[in-house]
Amino acid sequence: MNKDYDFTISEPKWQEFWEKEKIFAFNPKAKKIFSIDTPPPTMSGKMHLGHAFSYTHTDITARYKRMKGFSVLYPFGVDNNGLPTERLVEKIHNVTLFQLGREKFVQLCQKTIQGILPDFIFGWKRIGLSSDFDNAYSTISPEAQKLSQLYFLDLYNQGRIYKKEMPVLWCPECQTAIAQAELEDKEIETFFNDIEFRLTSGEKILISTTRPELLPSCVSIFVHPLDKSKNNLIGKTAIVPIFNQEVPILSDEKVDINKGTGIVMSCTFGDTTDMEWYFKHNLPLKISITKDRKLNELAKEFSGLSIKEAREKILERLKELNLLKSQKRISHTVNVHERCQTEIEILPTNQWFVKYLDLRNQFLKQSGKMNWRPKFMKSRLDNWINGLSWDWCFSRQRYFGIPIPAWYCKKCKKIIVADKDQLPIDPLSAKPKTKCSCGSEEFIPETDIMDTWMTSSLTPQVVLSRFDKKISKKAFPMSMRPQAHDIINFWLFYTMVRSYLHFKNIPFKEIIVSGFLLDSKGEKMSKSKGNVIEPETVINQYGADALRCWASQSSLGDDLKFNEEEIKNGKRLVTKLWNAFKFSSLHLENYSPEKNDKKLLQDEDKWILNKFSLMTREYYKKMDEYEYAKAKEVLDKFFWSDFCDNYLEIIKTRAYESKDRGVQYALYYLLLNVLKLYSPIIPFITEEIYQEFFKENEKIKSIHLFSFPEDKELFNFPKETKDFENAINTIEQIRKYKSEQKISIKAEVETVVIETKDKEKIQKYLPLIEKIMAVKKIEVK
RNA sequence: GGACGGUUAGCUCAGCUGGUAGAGCGUCUCGUUUACACCGAGAAGGUCAUAGGUUCGAGUCCUAUACCGUCCACCA
């Protein structure tokens, strides 16, 4: 045995081996099932190091639970549904869905995702995920479509779904309604314009606005009720410049006295406050912008202009009329659509909603029923639930997604939904099973599709639908949901909502929230910053084990900064393991443990076995609490310091002098079990070592098919351990002495004086210590 | 403005139910040829963000403050 470990050869080799031998196959008939609701990564984005980071955490748990005797349901899914995929396809093929038309575009999407899928999945395999890749699910698959539509029908039948003309958040770029959760803030530069309005009573007032193009939509003017200098205006009527509509001056506490002139114009709709006022003060509706960012006929001579052009032209006109009194350049934050960074508008459109605002308290209760790790993450969700102000608008005016299974009667306009056994269905190419109640047989199909979250929120159902009912019942609620904290308001929230609406249950028992991966400066990795590191780069250089080692260092919920030095540490561990096993194997040739060998154990063997047992219990405890970092820490400390630096050094001479079956027994036991404990964290090197040194004797196909040692397989030697600690202490004193004298550990020394509390007990170890520390005589003080 | 985290050695972080600070990396010194220099031994390094309070005693509990981060709200 004299070769070095080469991860570039071994890692792909074992990955193929696991796949071929189905080492991680889920056994649905097992007694103990541990089910994981893994996040399906969006196919539109390349896998980045942040994924490797959080998926490693989940994978460590999956592997740990497996070796603790669970059959682990650990699916792998791909989110290739909806807007993100459409945008990807548009980008790859340099087309827009409007150019291609619906049918061709959907076909192109399907074809494209089929093409990318293998490459996409390959990246995830490389980091050593022990998912069942043969059964990878997709959120656009026929099964997912069927389920999404089925549960849509459930909500519909519960009366939870309604369609209504409502002001919704509208993305003019994507030409679709979007959800509250899809908003993002963006700083932009703009002008704050002071515009003069005339009152019917003849007075003049100044109003500041960033959106003069909305003047035709102005429906009222607001001042603060306690603003003494302005509240004399309340009740009066103002005339909107250029467009000349007369609007009332009202009061509302939301007005900020110190902002602009303290007088606000309210338009339908400039922002969410306008909408609030529209409902609260029962204002008229005056829409002047169209869905594609233009002004409509209400804007009179400005109609047909884009918002941007109209803004300029209207400002010009105001200037001519001497009504634009001043302009200030400001930078302010606006709401943009997170997928395309376009400023959103609020437009009344016909949309589908899930009614759930009335359930806020129930949602809060559900949130409390789940076990949050770390605990404080719960307040993120609760905070979000408390702040909900819209029902869930789930219709999207896009093409690539799951169709809403509904039609409208051509005659009486009634909504007709599909029948259960028609699913999955596209209403565009199918008809309802029965006539409308009015007798008509002509229908207009719904063209809207469902929001991606409408499907993602069903991942537990998508995964469990593959098994028969008994099993899916047993595995639900799922054991664990791992995810990062950025999608608590999306995925986690919606999954909880669906689970409550359909089953009055929580979707999973534990929520494991991992942090973010930051770059070395502590900034979030993002394409726009150009600081994204790809896992491939790291794996090529240091190996997947090293990457996993590093990822396992962070505590749950904590962000982790990328640090190349720390990844090197992982590689060092891999090398150290390899060398320790290579060395030990010299002393284990043809050895197979027998019961009687236990009787040959010396105190130093008992000491290390005892240490191992204590460490193992601690390791289990930490792993059970999802404290990967701490589990690894105790294991590292044992392996590196106790086992390698002390034990191996102590037994060296004993092992070299003769085949000592006591030493062999301890060595074999420790090595094999250390390997087991390391295997969830660094699966490749542990497999390599197992196959190289143990497979022949143990016969089991892979290290990953072992169970961890149970309590009865651990050791308990408190007395010998306590005694031998004296010897360790003495050895340390001699090391220190030699280091201070600047001489080699191996250099022979005449006499060393050591101090000890227990003069009696150290006596029996002195010959051993003198031998390994190269000291002729140890004097005890 | 609201909620939640964080602030401990040069760096990254541990420090459970309160009892005079720990690890890894880095630095410095020394040691190699029967596992490993991707190694071993040793050393130096901290008034635990600040100010109060509780206590015999606080990094650890309480209250303020500052700074950093995340989410939410506001953004006329």
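A, B, ... follow the sequence lines: proteins, then strands. Residue 1 opens every chain. Reckoned from all heavy atoms, side chains included, excluding hydrogens, waters and symmetry mates.
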Next on the checklist: For the backbone of A:K561 and the side chain of A:E566, can you confirm whether one donor and one acceptor N or O come within less than 3.5 Å of each other?
Outcome noted: no
Next on the checklist: Between B:G59 and B:C68, how many Å separate the two P atoms, rounded to a whole number?
Outcome noted: 26 Å
Checklist outcome for this item: Rounded to the nearest 0.5 Å, the CG atom of A:L295 sits from the CD1 atom of A:I307 at a distance of 6.5 Å
Distance-only donor-acceptor hits, side chain of residues 259-272 of chain A, under 3.5 Å, sequence neighbours excluded:
unit_1, atom_1, unit_2, atom_2, d
A:T261, OG1, A:L206, O, 2.7
A:T261, OG1, A:I263, N, 3.4
A:S266, OG, A:D274, OD1, 3.4
A:T268, OG1, A:K286, N, 2.8
A:T268, OG1, A:K286, O, 2.7
A:D271, OD1, A:T273, N, 2.8
A:D271, OD1, A:D274, N, 3.0

Item to check | Euclidean distance for C1', B:A44 against B:U27 (whole angstrom) | outcome: 9 Å
Item to check | Check ion pair A:E213-A:R311 (N to O, under 4.0 angstrom) | outcome: yes
Next on the checklist: Base, sugar-phosphate or nothing for A:C644? Non-hydrogen atoms, less than 4.0 Å.
Outcome noted: base
Checklist entry - If you measure from the C1' atom in B:G18 to the same atom in B:C61, how many Å do you get, rounded? => result 8 Å
Checklist entry - The side chain of A:N383 lies closest to which of these nucleotides: B:C74, B:A3, B:C25? => result B:A3
Checklist entry - Looking at the side chain of A:K742, which of B:C30, B:C75, B:A35 is the nearest nucleotide? => result B:C30
Item to check | Interatomic distance, A:Q733 CD vs B:A41 P [rounded to whole Å] | outcome: 16 Å
Checklist outcome for this item: Checking B:A35, B:A41, B:C38 against the side chain of A:D645 (C-beta onward), the nearest is B:A41
Next on the checklist: Heavy atoms only, 4.0 Å cut-off, all strands: where does A:V574 land among base, sugar-phosphate and nothing?
Outcome noted: nothing
Checklist outcome for this item: A:Q741 atom CD is separated from B:A41 atom P, nearest whole Å, by 18 Å
Checklist entry - What stems, by residue range, does RNA chain B take part in, given at least 3 consecutive Watson-Crick or G-U pairs under 3.5 Å? => result B:1-7 with B:66-72, B:10-13 with B:22-25, B:27-31 with B:39-43, B:49-53 with B:61-65
Next on the checklist: In this structure, how many angstroms lie between the P atom of B:A35 and the CG atom of A:L586, rounded?
Outcome noted: 8 Å
Item to check | Note: A:E633-A:K622 ion pair, threshold 4.0 Å (strictly below) | outcome: no
Checklist entry - So which nucleotide from B:C74, B:A35, B:C38 ends up closest to the side chain of A:T575? => result B:C38
Checklist entry - Which value, rounded to the nearest 0.5 Å, describes the distance between A:L283 atom CG and A:Y278 atom OH? => result 8.5 Å
Checklist entry - Under the rule syn = chi within 90° of 0, otherwise anti, which is B:G45? => result syn
Checklist entry - Looking at A:W640, does any N or O in its side chain come under 4.0 Å of the phosphate oxygens OP1/OP2 on B:G40? => result yes
Checklist entry - Are A:W392 and A:Y494 an aromatic pair by the rule of ring centers under 6.0 Å? => result yes
Checklist entry - Side chains of A:N383 and A:R380: is there a donor and an acceptor less than 3.5 Å apart? => result no
Next on the checklist: Using a heavy-atom cut-off of 4.0 Å across all strands, would you classify A:N569 as base, sugar-phosphate, or nothing?
Outcome noted: sugar-phosphate
Item to check | Proximity to the side chain of A:T273 - top-ranked nucleotide from B:C75, B:A41, B:U70 | outcome: B:C75
Next on the checklist: Which nucleotide wins on minimum distance to the side chain of A:K736, given the candidates B:G42, B:A35, B:C75?
Outcome noted: B:G42
Checklist outcome for this item: Under a 4.0 Å heavy-atom criterion, the protein footprint on nucleotides 4-13 of chain B, written with B, S and -, is SS------S-
Next on the checklist: Nearest 0.5 angstrom please: A:K236 NZ to A:L199 CG, how far?
Outcome noted: 6.5 Å
Checklist entry - On a plain distance test, is the side chain of A:K576 in donor-acceptor contact with the base of B:C36 below 3.5 Å? => result yes
Item to check | Cationic N near anionic O, under 4.0 Å, A:R211 to A:E345 | outcome: yes
Item to check | Spacing of A:I385 atom CD1 relative to B:A73 atom C1', expressed in whole Å | outcome: 17 Å
Checklist entry - Hey, which of these two, A:K571 or A:K637, hits RNA chain B nearer its 5' end, going by closest nucleotide? => result A:K637
Next on the checklist: Between B:A73 and B:G6, how many Å separate the two P atoms, rounded to a whole number?
Outcome noted: 24 Å
Next on the checklist: Any N or O donor-acceptor pair under 3.5 Å from the base of B:C74 to the side chain of A:D256?
Outcome noted: no
Checklist outcome for this item: Regarding the side chain of A:H485, the nearest nucleotide among B:U70, B:C75, B:C72 is B:U70
Next on the checklist: Using whole Å, what does the distance between atom P of nucleotide B:G40 and atom CD1 of A:I731 come to?
Outcome noted: 16 Å
Next on the checklist: Counting only side-chain heavy atoms from C-beta out, which of B:G31, B:C38, B:U34 sits nearest to A:R572?
Outcome noted: B:C38
Checklist outcome for this item: Rounded to whole Å, CZ of A:F516 lies from P of B:G69 at a distance of 15 Å
Checklist entry - Within the structure shown, what part of the strands sits under 4.0 Å from A:D636 by heavy-atom distance: base, sugar-phosphate, or nothing? => result nothing
Next on the checklist: Regarding A:T272, tell me which of base, sugar-phosphate or nothing describes its non-hydrogen contacts under 4.0 Å with the strands shown.
Outcome noted: sugar-phosphate
Checklist entry - Are any of the side-chain heavy atoms of A:P241 and A:L318 separated by less than 4.5 Å? => result yes
Checklist entry - In whole angstroms, how far is the P atom of B:C75 from the CG atom of A:D271? => result 5 Å
Checklist entry - When you compare B:U63 with B:C74, how far apart are their C1' atoms, in angstrom units rounded to a whole number? => result 29 Å
Next on the checklist: Tell me whether A:R329 forms a cation-pi arrangement with A:F191, defined as NZ or CZ under 6.0 Å from the six-membered ring centre and within 45 degrees of its axis.
Outcome noted: yes
Checklist entry - Expressed as a whole number of Å, how far does the P atom of B:A21 sit from that of B:C25? => result 23 Å
Checklist entry - Starting at the 5' end of RNA chain B, which residue's closest nucleotide do you reach first, A:Y656 or A:S739? => result A:Y656
Checklist outcome for this item: Residues A:D558 and A:S554: closest non-hydrogen pair is O-OG, 4.1 Å
Checklist entry - Can you tell me how far P in B:G24 sits from the matching atom in B:A14, rounded to whole Å? => result 16 Å
Next on the checklist: Just the rounded figure in Å: distance from P of B:A73 to CG of A:N335.
Outcome noted: 8 Å
Next on the checklist: Roughly how many Å apart are B:U8 and B:C13, using the P atom of each and rounding to a whole number?
Outcome noted: 9 Å
Checklist entry - Counting any heavy atom closer than 4.0 Å, what does A:D486 reach on the DNA or RNA strands: base, sugar-phosphate only, or nothing? => result nothing
Checklist entry - Using a cut-off of 4.0 Å on non-hydrogen atoms, how would the nucleic acid contact of A:F222 be classed: base, sugar-phosphate, or nothing? => result nothing
Next on the checklist: Closest approach to the side chain of A:K630, judged atom by atom: which nucleotide of B:C38, B:G15, B:C75 is it?
Outcome noted: B:G15
